[in-house]
Amino acid sequence: MSITYAVSNQKGGCGKTSLTLNLGSSLARTGCKVCVVDCDPQANATMALGIPQPDELPVTLPHLMNEVIRNGGRPEKSALLSKREYILNSQGMDFIPSSIELAETENNLVNAMSRESVLKKIVGSFKDDYDYVLLDCMPSLNFVTINALNAADRVLIPMQPQFFSAKGLELLLATVANVQENLNPALTIEGALITMFDGRLKFHNEVLAILKSAYGGYFRIFETKIPVSVRVTETQAQGRSIFDHDPKGKIAEAYAAFARELLSHSASRERAVSGNE
Ligand SMILES: Nc1ncnc2c1ncn2[C@@H]1O[C@H](COP(=O)(O)OP(=O)(O)OP(=O)(O)O)[C@@H](O)[C@H]1O
Ligand SMILES: [Mg+2]
């Protein structure tokens, strides 16, 4: 069964792209087939996957979305989609690149037929070829992000240990609830991953305790925390996977541990669901 994760948080710079890429690499290393979809006009994931000039690519996510919009929401009419040439490969994963034009697609969505389902239709056309599809969302709760939440089975929330992260979380949770209510009732929150954590800082531990007491009853706050390390920025700048750049370092270890925790959480949840049937 294929699982689609939206990696989302409207707070900028909290580690969405790093989580998407490093989780993708971790899962690919365990033999899973992974496809990352860059849903951000900043195209940081695309660049970190070795495309320095995404705007020069012939086909990126906005081209696909614009074509489906032009065809009245019918993906079967899309010539670009049927060719599959838009899917690239790097670091052991397939990926669909983004480009700045995705900002314009946001405007095109406003008047589009089934404007919340355009990305779901695109992802639906290839997701069965993968074990995991990871949607790297932009730092905004706009139509493109609503499309990602509608296309996803589960949401992963990266969070920095900061007090205002907890406040911003309310807005994200309200948006997820809205999508569940109106578009995608099967959407669930897989959990929140603390990124850029420094366990020596009292402040970070305080924020973690507040998060656990306020939200721990609603969704999982993963035991694994991603430590602060300059290695993350280095790997993205060099277009290399952390597992090539610093395979024995604490970041590679933390993301591998996170992938294990995620898989065991998923497996125990599926057992619980099938036990209730
Ligand atoms: N564990 C970490 N330690 C140190 N720096 C990190 C860590 N994780 C991410 N960073 C750096 O923080 C910055 C923001 O990370 P990232 O791009 O993953 O966040 P984002 O949520 O995707 O940002 P945006 O909202 O702009 O899409 C990047 O420069 C990244 O290299
Ligand atoms: Mg990002």
Side-chain angles (χ1 to χ4, degrees), residues 4-10 12-29 33-69 78 80-81 83-109 118-120 122-123 125-127 129-130 132-140 142-145 147-149 151-152 156 158 195 231-245 251 255:
T4 301
Y5 284 107
V7 179
S8 187
N9 188 337
Q10 76 281 8
C14 62
K16 295 178 284 297
T17 301
S18 309
L19 165 56
T20 306
L21 296 174
N22 292 316
L23 174 62
S25 292
S26 302
L27 292 170
R29 281 164 53 87
K33 280 203 81 185
V34 178
C35 184
V36 164
V37 185
D38 190 345
C39 305
D40 184 349
Q42 298 179 97
N44 292 151
T46 303
M47 291 188 275
L49 286 166
I51 310 280
Q53 305 286 353
D55 300 338
E56 292 174 3
L57 288 170
V59 184
T60 61
L61 184 66
H63 297 107
L64 299 172
M65 291 184 73
N66 290 339
E67 195 179 49
V68 173
I69 293 169
S78 167
L80 291 178
L81 262 186
K83 284 201 197 118
R84 296 273 180 112
E85 283 160 7
Y86 59 89
I87 300 185
L88 307 180
N89 185 277
S90 175
Q91 300 177 16
M93 305 176 272
D94 281 357
F95 71 102
I96 300 184
S98 184
S99 61
I100 189 72
E101 286 173 52
L102 192 64
E104 220 176 284
T105 303
E106 173 69 21
N107 299 331
N108 298 342
L109 281 169
V118 174
L119 186 57
K120 190 184 184 92
I122 293 170
V123 172
S125 73
F126 63 76
K127 73 174 188 179
D129 295 347
Y130 296 94
Y132 295 97
V133 177
L134 306 178
L135 311 175
D136 180 23
C137 296
M138 68 178 101
S140 160
N142 60 8
F143 276 124
V144 175
T145 300
N147 264 263
L149 294 173
L156 275 172
T195 62
R231 294 280 179 269
V232 178
T233 314
E234 283 172 8
T235 55
Q236 286 168 5
Q238 293 177 12
R240 299 176 76 198
S241 154
I242 188 73
F243 298 101
D244 295 328
H245 183 65
I251 293 293
Y255 274 106

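Being a predicted model, the structure only gives us computed values, none of them experimental. Just so you know, these numbers use all the heavy atoms, side chains as well, and skip hydrogens, waters and symmetry mates.
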Next item on the list: Examine the side chains of T145 and N142 and answer whether a donor and an acceptor come within less than 3.5 Å of each other.
Entry: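 Result is yes, a qualifying pair exists.
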Checklist line | Pair T46, D38: side-chain N/O donor-acceptor within cut-off below 3.5 Å | finding: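 Judged by distance alone, the side chains do pair up.
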Margin query: Test of understanding: with side-chain hydrogen bond (donor to acceptor under 3.5 Å, both in side chains), list the residues that count as partners of Q42, not counting sequence neighbours.
Written below: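 With neighbours one apart ignored, the set is D40.
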Looking only at heavy atoms, which two atoms of [X] and [Y] are closest? And how far apart?
X    : Y    : answer
D136 : A45  : OD2-CB, 3.6 Å
V34  : Y130 : C-CD2, 3.6 Å
G239 : Q91  : O-NE2, 3.1 Å
C137 : A148 : SG-CB, 3.6 Å
E67  : L80  : OE1-N, 3.1 Å
A28  : G92  : CB-O, 3.6 Å

Are side-chain heavy atoms of [X] and [Y] found at a separation under 4.5 Å?
X    : Y    : value
Y5   : L19  : no
Y86  : L81  : yes
F126 : V133 : yes
I87  : I96  : yes
L135 : V123 : yes
I242 : V232 : no
L49  : M93  : yes
S18  : T195 : no

Point-to-point distance, once rounded to the nearest 0.5 Å, from [atom1] of [X] to [atom2] of [Y]:
X    : Y    : atom1 : atom2 : result
N108 : M65  : CG    : CE    : 9.5 Å
L21  : F95  : CG    : CZ    : 9.5 Å
N22  : Y255 : CG    : OH    : 5.0 Å

Margin query: Using the salt bridge (charged side-chain N to carboxylate O under 4.0 Å, His left out) criterion, which residues pair with D129? Sequence neighbours excluded.
Written below: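 Residues passing salt bridge (charged side-chain N to carboxylate O under 4.0 Å, His left out) with D129: R84.
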Note to self: Evaluate N66 against E104 for side-chain contact (heavy atoms from CB on, under 4.5 Å), listing each step before the verdict.
What the structure shows: CA-CA 9 Å; N66 290 339; E104 220 176 284; 5.7 Å; no
Could you give the side-chain donor-acceptor pairs of residues 55-62 under 3.5 Å, partners two or more places apart or in another chain?
residue: D55; atom: OD1; partner: I100; partner atom: N; Å: 3.2
residue: T60; atom: OG1; partner: H63; partner atom: ND1; Å: 3.1
residue: T60; atom: OG1; partner: S99; partner atom: OG; Å: 2.9

Exam field: side chain [X] to backbone [Y], donor-acceptor pair closer than 3.5 Å:
X    : Y    : result
K16  : N9   : yes
Q236 : M47  : no
N147 : L119 : yes

